[in-house]
Amino acid sequence: MLSNPAGREAQLKAQVRQSWAVCGILLVVLCGRELSGSGRTCSLSEADLERGEALVKSEVAWLQQHTARASEEADETLAALAEELAQVEALSNSLVARGEADAKTLAEALERAPPGPPPDARTCAAAAKDAAAASKASEKARLDADKAVETAAAATATATAKTAQAEAVAQRDETLAALELSLKALGESAEASKARLAEAQAALAASTAQAREARDLLKAAPGAQLASQQLERAVAAVEKDVAAALAAADAARSSSGAGCTAAAVERAVDTAVAVFFEADRVAKFDYALRATGASVVQGLTSEPYTPPGSVVPTKVWHALGRDAGVGRAEDAISQRVGFGSCFAFEGSRGSLTVQLSSRVVPTAFTLEHIHGALCNPLHNANCSSAPRTFTVLGRRAGAPDATPVDLGSFEYDAADAAKTVQTFAALNDDRQAFDLATLQVTSNYGHPDYTCVYRFRVHGDAPETV
């Protein structure tokens with residue numbers, strides 16, 4: 001609500017009158033005091049004049065201040081009145097426009113109304129009854145349509161099931177026919193399998209001889225005792241598998257010949273050879289293997305990956321001997337290669353430096369990652385974390401400031417059809433010997449957060465044999 005301007009003006013005038021009255025009374029009092037004291041005419045001293053002048057000035061200043069305040073309030077009141085007038089005018093225009101629109105609508109309705117008297121109550125009731133009946137009929141029709149849709153869906157499902165049964169029967173017939181043809185082919189190839197079996201026996205004998213030769217060679221290499229023990233166990237396993245394969249082949253040959261195909265014999269040979277090399281799978285001594293004395297040089301190795309949201313870095317947990325759910329760098333130089341047992345570092349670029357078990361002339365490097373079948377994102381595994389391009393550098397323990405020697409840049413193939421263990425020839429034509437080897441990963445297969453190295457190996461020759 002706005003204040004009353006007339007009341008404010010009257011109040012201001014009353015205050016002005018009071019101020020002048022006070023001034024007059026003060027002058028009269030001062031004059032009376034002078035007259036009574038001296039019996040002379042009214043004359044004021046300089047001090048009284050100064051006090052009176054100061055009082056008058058203060059009252060005048062107060063009047064000016066309140067006058068300015070009243071002027072400001074009057075301006076604010078006028079502005080508020082102008083705003084209210086604008087709102088009232090807008091409301092009035094809106095009401096006028098609405099009235100005109102209602103009048104226009106009423107006129108149009110009157111024009112569309114049929115001539116004659118308005119319908120009576122009986123007619124309206126009949127119309128409402130007809131409308132209700134039409135609504136019920138519409139609802140019933142909708143329910144009937146829903147039932148028809150459900151019936152059609154059930155019929156469709158039944159037809160689909162019958163179609164699937166028919167397809168299954170046809171597929172079963174095709175499978176039986178294919179089995180009959182396969183059995184016939186197996187019977188025809190039984191004689192040929194006997195000859196292949198003899199060839200397989202010869203190949204197994206040759207593999208055994210090669211295994212013995214490899215054992216003799218490995219005994220002369222560094223770490224001979226460990227390699228010899230592993231080799232003896234592998235040879236024993238090969239001989240056991242060979243005996244089992246020969247027994248199975250003899251049993252198959254004495255029967256009708258079914259199941260003893262050339263492919264089966266080849267698989268038996270491949271299995272025996274794979275078991276023989278299963279201990280290290282590359283038939284090369286690993287100078288970066290932790291079990292033979294190799295170790296990780298932490299100062300030249302990337303920090304382990306710390307997952308987002310972790311308050312404590314992974315390297316701190318590792319320093320405390322705790323498992324942080326992320327592999328250590330030592331996992332990359334261990335024989336145990338299992339799901340998640342890898343060295344993970346942040347991003348697509350990182351390094352791993354290994355103090356080799358002894359000084360060696362590098363001739364080859366091996367890099368390993370898990371198979372694509374294990375790369376299931378639902379189990380927190382992603383083959384895009386596999387290294388793609390990498391470089392290997394050679395270092396000497398006695399020359400820490402020396403420039404590392406580039407021993408080659410390579411690319412690891414992480415396709416499903418590729419081998420998980422891949423060996424690359426070192427570029428070391430001048431046959432230099434090194435104490436340390438650095439694996440520098442320069443890219444991965446697209447993982448945005450981290451890269452995993454499951455195992456890194458260094459192969460080569462002892463310097464005294466060069």
Side-chain angles (χ1 to χ4, degrees), residues 223 226 279-282 285-358 360 365-371 374-376 379-388 390-395 397 400 404 412 414 420-422 434-445 447-459:
L226 176 63
D280 213 24
R281 288 185 288 180
V282 293
F285 185 80
D286 182 11
Y287 286 86
L289 183 62
R290 188 181 182 188
T292 62
S295 61
V296 175
V297 181
Q298 298 294 344
L300 299 175
T301 300
S302 300
E303 294 184 359
Y305 171 70
T306 299
S310 298
V311 178
V312 180
T314 301
K315 65 177 181 179
V316 176
W317 289 119
H318 287 173
L320 297 175
R322 303 292 298 275
D323 183 11
V326 178
R328 305 169 183 266
E330 287 77 7
D331 291 340
I333 59 173
S334 301
Q335 283 182 305
R336 185 173 62 89
V337 178
F339 176 74
S341 178
C342 67
F343 170 44
F345 55 83
E346 185 174 358
S348 60
R349 302 177 67 90
S351 60
L352 169 67
T353 299
V354 182
Q355 173 72 52
L356 304 176
S357 58
S358 62
V360 64
F365 309 104
T366 298
L367 195 62
E368 183 173 356
H369 198 267
I370 58 174
H371 193 271
L374 299 177
C375 296
N376 185 357
H379 297 108
N380 196 26
N382 193 333
C383 275
S384 63
S385 65
R388 186 166 189 169
F390 64 95
T391 301
V392 180
L393 304 177
R395 301 173 183 267
Y412 181 84
T420 58
V421 180
Q422 300 176 21
F434 302 97
D435 305 284
L436 295 88
T438 298
L439 169 68
Q440 284 189 342
V441 179
T442 54
S443 67
N444 62 15
Y445 275 87
H447 200 291
D449 299 330
Y450 57 84
T451 302
C452 288
V453 178
Y454 272 80
R455 186 172 176 187
F456 171 62
R457 314 181 201 187
V458 178
H459 314 294

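None of the values given here were measured: they were computed from a predicted structure.
- Scanning both residues, G327 and P304, for their nearest heavy atoms gives O-CB, 4.3 Å.
- At least one side-chain heavy atom of T366 sits less than 4.5 Å from a side-chain heavy atom of H459.
- When atom types are taken as modelled, the side chain of T314 and the backbone of Y305 share a donor-acceptor pair closer than 3.5 angstrom.
- The local environment of CD in Q422 is crowded, with over 12 non-hydrogen atoms from other residues, nucleotides or ligands closer than 6.0 Å.
- In summary, the side chains of S348 and H447 do not present any donor paired with an acceptor at a separation below 3.5 Å, with no hydrogens or angles considered.
- A 4.5 Å side-chain heavy-atom check between V458 and L356 finds at least one atom pair inside the cut-off.
- Under the rule for a salt bridge (Lys or Arg N to Asp or Glu O under 4.0 Å), the partners of R388 that lie at least two apart in sequence or sit in another chain are E411.
- Using a 4.5 Å cut-off on side-chain heavy atoms (C-beta onward), L439 and L367 make contact.
- Residues T292 and Y287 have side chains not in contact (no heavy-atom distance under 4.5 Å, counting atoms from C-beta outward).
- Side-chain N/O atoms of T451 and N444 include a donor and acceptor closer than 3.5 Å.
- Note on ring orientation: taking the six-membered ring where Trp is involved, the planes of F456 and F365 are parallel (angle under 30°, cut-offs 30° and 60°).
- Summarising the geometry, atom OG belonging to S295 is positioned 6.5 Å from atom CD1 belonging to I333; distances are rounded to the nearest 0.5 Å.
- In this structure, the side chains of R457 and E368 come closer than 4.5 Å at one or more pairs of heavy atoms.
- Counting heavy atoms from C-beta outward, R395 and T438 have side chains that approach closer than 4.5 Å.
- Of all heavy-atom pairs spanning V312 and T306, the tightest one is O-CG2, 4.2 Å.
- A344 and Y450 get closest at one heavy-atom pair: CB-CD1, 4.5 Å.
- With sequence neighbours left out, the side chain to side chain contact (heavy atoms under 4.5 Å, CB included) criterion links A329 to V296, T301, F343, L352.
- A salt bridge links D286 to R455: one of the charged nitrogens lies within less than 4.0 Å of a carboxylate oxygen.
- The two atoms that bring T442 and F390 nearest to each other are OG1-N, 3.9 Å, heavy atoms only.
- To the nearest 0.5 Å, the span separating CD1 on I370 from SG on C342 amounts to 7.5 Å.
- Using a 4.5 Å cut-off on side-chain heavy atoms (C-beta onward), V441 and S351 make no contact.
- The salt bridge (Lys or Arg N to Asp or Glu O under 4.0 Å) search around E303 returns K315, not counting sequence neighbours.
- With hydrogens and angles ignored, the 3.5 Å screen pairs a side-chain donor or acceptor of Y412 with a backbone N or O of H369.
- Contact record, L289 with S334: CD1-C, 4.2 Å, taken as the closest heavy-atom pair.
- Between Y445 and P387 the shortest heavy-atom distance is CE1-O, 3.5 Å.
- Looking only at side-chain heavy atoms (C-beta outward), V453 and F345 come within less than 4.5 Å of each other.
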